[in-house]
2 protein chains.
Amino acid sequence: MKQNFMKQALNNALKAEISGEVPVGAVIVNGKSGEIIASSGNRVEELKDPTAHAEILVIREAAEKLGQVRLEECDLYVTLEPCPMCAAAISHARIRRLYFGAYDPKSGGVEHGARVFSHKTCHHRPEVYGGIMETDCSNLLKDFFKKLRK
Amino acid sequence: MKQNFMKQALNNALKAEISGEVPVGAVIVNGKSGEIIASSGNRVEELKDPTAHAEILVIREAAEKLGQVRLEECDLYVTLEPCPMCAAAISHARIRRLYFGAYDPKSGGVEHGARVFSHKTCHHRPEVYGGIMETDCSNLLKDFFKKLRK
């Protein structure tokens with residue numbers, strides 16, 4: 001089940017890459033019914049919006065669909081460890097569980113750097129599960145950056 | 001000059017409060033010409049968008065207007081110390097200078113908690129000036145939360 005959701009997130013990452021974006025993808029799922037509520041890849045370049053990371057886009061889509069600011073029954077799947085912006089947005093949205101694929105020592109904000117969920121000033125910490133389909137998620141990014149350097 | 005921009009941000013905060021939002025306001029200014037490029041209050045409840053903090057909204061508006069992801073000539077004025085989400089967005093957008101009003105020991109992410117700009121994983125740190133018109137900015141929020149508790 002979790003793998004299916006991460007596969008959908010990976011598909012979104014692949015589509016993002018084809019559109020000229022850094023390949024990161026996400027989905028938001030109702031944790032009880034298993035229904036996918038929002039699904040997106042990174043769209044920073046397409047939208048000319050520096051905040052249009054996959055996680056922000058699925059949070060905004062899910063909140064709009066459900067008509068509520070807090071997504072307490074929702075789980076978020078994303079192919080890469082969220083940056084501090086996305087980690088804090090996940091906290092604001094009261095996401096129940098965060099599943100991510102590859103760890104991101106260079107820009108991550110969950111297990112690295114700002115470690116957004118690890119401070120008293122963080123008012124909601126989701127359950128966090130890292131390393132879901134890690135090899136697939138990680139290879140997609142490694143291949144992308146290898147091609148960029150050529 | 002700086003005070004004028006912060007006054008505009010304060011006006012946006014006041015308008016947000018009238019709309020039933022936590023009163024925080026922001027503007028983005030071209031740091032060279034002094035032109036205001038984007039201006040907004042917090043709109044989380046109105047838009048049912050947990051990411052719709054004033055800073056995120058002005059960054060998105062400015063990037064859309066200028067048609068570019070990086071706002072390297074731009075300065076951001078906001079009445080409250082940004083949270084980690086907004087601090088990281090400011091970094092992604094390559095904002096040149098950040099001016100904020102009140103310090104936020106409970107939820108801030110610049111001088112408190114995650115201290116987003118203080119890590120190697122943060123790839124752009126704006127110049128930061130805190131405490132601009134601090135009393136006005138702080139009183140607005142204090143009054144708001146006092147009324148809430150009544």
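Each chain gets a letter, A, B and so on, in the order its sequence line appears, and its residues count up from 1.
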Pairwise distance CG(A/Asp49) to CD1(B/Ile56) - rounded to 0.5 angstrom = 8.5 Å

Between NE2 on residue B/His119 and NE2 on residue A/His112, distance to nearest 0.5 Å = 13.0 Å

Given the rule that I, L, V, M, F, W and Y join up when any side-chain heavy atoms are under 4.5 Å apart, are A/Met6 and A/Phe144 in one cluster?
-> no

Chain B contact residues among residues 58-67 of chain A, heavy-atom distance under 4.5 Å | A/Ile59, A/Arg60, A/Ala63, A/Glu64, A/Gly67

Please report the closest heavy-atom contact between A/Glu45 and B/Val69, naming both atoms and the distance.
-> OE1-CG2, 4.1 Å

Between B/Cys122, B/Gly108, B/Ala87, B/Gly113, which shows the greatest number of heavy-atom pairs under 4.5 Å with chain A?
-> B/Gly113

Are there residues of residues 127-136 of chain A that reach to under 4.5 Å of chain B by heavy atoms, and which ones?
-> none

For the ring pair B/His92 and A/His53, is the centre-to-centre distance below 6.0 Å?
-> yes

Taking a hydrophobic cluster as the set of Ile, Leu, Val, Met, Phe, Trp and Tyr residues connected by side-chain heavy atoms closer than 4.5 Å, whether directly or through intermediates, do A/Leu71 and A/Val116 fall within one such cluster?
-> yes

Taking a hydrophobic cluster as the set of Ile, Leu, Val, Met, Phe, Trp and Tyr residues connected by side-chain heavy atoms closer than 4.5 Å, whether directly or through intermediates, do A/Met85 and B/Ile28 fall within one such cluster?
-> no

Report the C-alpha distance between B/Thr121 and A/Lys106 in whole Å, list the side-chain angles of each, state the deciding distance to 0.1 Å, and finish with yes or no for side chain to side chain contact (heavy atoms under 4.5 Å, CB included).
-> CA-CA 5 Å; B/Thr121 46; A/Lys106 282 191 188 162; 5.8 Å; no

Interface residue of largest heavy-atom contact number with chain B, from A/Ala114, A/Ala88, A/Gly109, under 4.5 Å | A/Ala114

Going only through I, L, V, M, F, W and Y residues with side-chain contacts under 4.5 Å, is there a path from A/Val78 to A/Leu10?
-> no

Hey, could you give me the OG1/CD1 distance between B/Thr51 and A/Ile90, rounded to the nearest 0.5 Å?
-> 12.0 Å

Using a cut-off of 6.0 Å, state whether more than 12 heavy atoms not belonging to B/Lys15 lie near its atom NZ.
-> no

Checking heavy atoms, do the side chain of A/Ser107, its backbone, both or neither come under 4.5 Å from chain B?
-> both

Tell me whether B/Phe100 is reachable from B/Val24 by hopping between hydrophobic residues (I, L, V, M, F, W, Y) whose side-chain heavy atoms are closer than 4.5 Å.
-> yes

